[in-house]
Structures are given as structure tokens and as C-alpha cells.
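Remarks on the structure that follows.
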Amino acid sequence: RRAGGREHVASKSLDGSARIWNFRTGEEVLEILGDDPYYGALVISPDQRYAARSNGATAVGLYNASTGDLIRELRSHTEIALPIEFSPDGTLLATVGYDQRFVLWKVPEGEIAAELHGDPAFWATGRMGRFFGQFQIHGNRFITLHNGTTVRIWDQNGSVADEFTFAVPGGYALESLSPDGSVGLLASFESGVAIGLSINTGDVLWRVQAPPIPDSVSYRFSPDGTLLAARTKNDRILLFALADTPDAATGFSNPVSVI
């Protein structure tokens with residue numbers, strides 16, 4: 001799990017360590033040693049001031065991203081806390097635990113701001129290795145996907161502001177949001193199909209077909225939200241123009257470029 005900002009990038013290695021680098025100079029800013037090479041995440045706040053680290057344990061460490069000093073450990077979960085994510089303004093940190101709790105922490109105070117509670121299907125999906133695709137943050141909205149069919153939109157107080165169910169067959173994970181937060185990118189690792197779901201209405205706006213796992217690796221929106229890139233393990237990048245008319249026979253948008 002990697003996350004970065006304007007001048008820093010975070011990485012986690014199979015030796016269990018996590019590091020923050022200044023990508024302009026190549027200098028290592030922070031190293032955090034850990035025991036678990038597989039379960040863990042390191043994220044940097046958007047303002048570059050803080051870093052948060054989970055390492056397959058119940059506590060999450062909050063660090064000064066410049067000095068590497070531990071500010072405090074966030075303790076509330078009774079099982080593994082994974083994944084973790086800062087809000088866009090950097091004032092909240094979201095942690096999801098195998099104890100079926102979604103906790104929002106105040107940064108840097110370390111106080112619990114709110115708890116969001118899902119349903120058993122949400123947490124069961126996470127236990128099967130799809131945790132990273134089950135929630136996204138945009139502004140003061142927290143979007144969660146339940147059982148691959150229900151989207152819930154929460155406010156920062158932990159209340160459900162909206163909810164809708166969509167009827168699309170297949171198992172999907174909520175991979176990311178468009179830059180303006182209006183479209184959710186749902187991807188099926190089994191089929192390689194990705195759909196654009198309106199966060200406001202629940203309508204399916206577009207469909208694209210990329211090579212299925214293990215070939216497909218990741219999807220990314222362009223900064224203006226008009227293009228979708230699918231990166232594959234054979235070092236190809238497929239670019240889709242999301243405004244293009246879908247193919248009449250398949251219903252999918254075709255790639256406009258392959259790099």
C-alpha cells in the first residue's frame with residue numbers, strides 16, 4: 001500500500017519495513033520497522049505533516065512525517081486495523097478494523113471523532129482480502145460498499161446521509177472516486193470489468209473491459225476525470241475516454257490508446 005503527496009512518497013517492503021522518501025532528492029525521510037511483511041499500510045496526510053502506519057496490529061501509529069517521531073498510538077480496535085486513510089483536509093484519519101468498526105480519528109489529537117458501522121457482509125468481504133476496495137473518502141463524505149451491491153454515503157459525524165443499491169452482476173470492489181467525487185470506480189478483479197457508478201443517483205454511467213486479474217493491476221482517473229487508465233502486469237496502459245459512445249455490440253467503451 002503506497003500513498004504520497006507533493007514531495008513525498010511512501011512505500012512498504014516485504015521485509016516489513018515502511019519508508020517515506022523525498023522523491024525530488026531520493027532522500028529517505030522516515031523508516032518504520034515492522035514485523036508483518038504482508039498486512040500493513042503507510043499513508044501521508046495531504047499537507048505532508050503527518051504519516052500513519054498500520055502493521056497488522058490493533059494500534060495505528062501517528063508520526064511526524066518530517067522527523068519520524070511517533071506522536072501517539074491510536075488504540076481502539078480489538079483486531080487488526082487495516083486499511084487506513086487520511087481525509088483530504090488532513091484533519092481526520094479513517095481506520096477500518098477486523099473487529100467490524102470503522103473509526104474516524106482527529107489529527108493530531110488522537111481523539112475519536114466518530115464511528116461508522118457497516119453490516120456483516122461489508123466486514124466479511126474485507127476478511128476475504130478485499131478490504132482496500134471497500135471505502136473511499138472525498139471531502140467530508142465517506143463512501144462505503146457493502147456486499148458488492150449497496151453504496152452508503154456517511155457524513156463525518158458517522159451518520160448515513162444516503163444509501164442506494166445497484167443491480168450489476170459480479171463481485172465488485174470500490175477502487176476509487178473521480179476527482180470531483182461524483183463517480184465511483186467499481187472493478188471486478190475476476191472479469192476485468194470496471195464500471196462508473198454515479199454516487200448521487202446510483203446509475204451506471206459507463207463500462208470498460210480490461211484484462212482480468214492476474215493481468216490487470218490498477219485503475220486511475222485522469223485529473224479532469226475524462227480518462228481512465230488501466231495498468232496491466234505486462235507493462236501496458238490502456239486509456240479509455242469515458243465520454244465516448246460504448247460499442248453497440250458489447251456495451252463497453254473501447255480503449256482509445258494502448259501504451
Gap separating the [atom1] atom of [X] from the [atom2] atom of [Y], nearest 0.5 angstrom:
X: Ile44; Y: Tyr50; atom1: CD1; atom2: OH; result: 14.0 Å
X: Arg53; Y: Leu42; atom1: CZ; atom2: CG; result: 6.5 Å
X: Leu62; Y: Ile84; atom1: CG; atom2: CD1; result: 9.5 Å
X: Leu104; Y: Leu93; atom1: CG; atom2: CG; result: 8.5 Å
X: Leu74; Y: Glu111; atom1: CG; atom2: CD; result: 11.0 Å
X: Arg207; Y: Leu242; atom1: CZ; atom2: CG; result: 13.5 Å

Residues in side chain to side chain contact (heavy atoms under 4.5 Å, CB included) with [X], at least two apart?
X: Asp162; result: Ile153
X: Thr201; result: Ser198, Asp203
X: Ser178; result: Asp180, Ser182, Val183, Phe221

Close side-chain approach of [X] and [Y], heavy atoms under 4.5 Å:
X: Leu197; Y: Phe164; answer: yes
X: Ile112; Y: Trp105; answer: yes
X: Val151; Y: Glu163; answer: no

Over all atoms of both residues, closest heavy-atom pair of [X] and [Y]:
X: Phe102; Y: Val96; value: CD1-CG2, 3.6 Å
X: Ala113; Y: Leu92; value: CB-CD2, 3.9 Å
X: Val60; Y: Ser54; value: CG2-CB, 4.3 Å
X: Gly184; Y: Ile199; value: N-CG1, 3.7 Å
X: Arg152; Y: Val160; value: CD-CG2, 4.4 Å
X: Pro179; Y: Pro223; value: CG-O, 3.2 Å

request  = Sequence neighbours left out, what passes side chain to side chain donor-acceptor pair (under 3.5 Å) with Ser176? Give chain and number order.
outcome  =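 Side chain to side chain donor-acceptor pair (under 3.5 Å) list for Ser176, sorted by chain: empty.
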request  = Verify the cluster assignment for Val103 and Ile71: are they in a single hydrophobic cluster under the rule of side-chain heavy atoms below 4.5 Å apart?
outcome  =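 Linked within one cluster.
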query = Just wondering, are more than 12 heavy atoms of other shown residues or ligands nearer than 6.0 Å to CZ in Arg72?
reply =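 Buried by this count: over 12 neighbours within 6.0 Å.
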request  = List in chain and number order the residues that pass salt bridge (Lys or Arg N to Asp or Glu O under 4.0 Å) with Glu109, two or more places apart in sequence or in another chain; answer none if no residue qualifies.
outcome  =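 With sequence neighbours excluded, Glu109 shows a salt bridge (Lys or Arg N to Asp or Glu O under 4.0 Å) to no residue whatsoever.
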key: Listed partners of Arg49 passing salt bridge (Lys or Arg N to Asp or Glu O under 4.0 Å), at least two apart   =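 Arg49: no salt bridge (Lys or Arg N to Asp or Glu O under 4.0 Å) contacts found.
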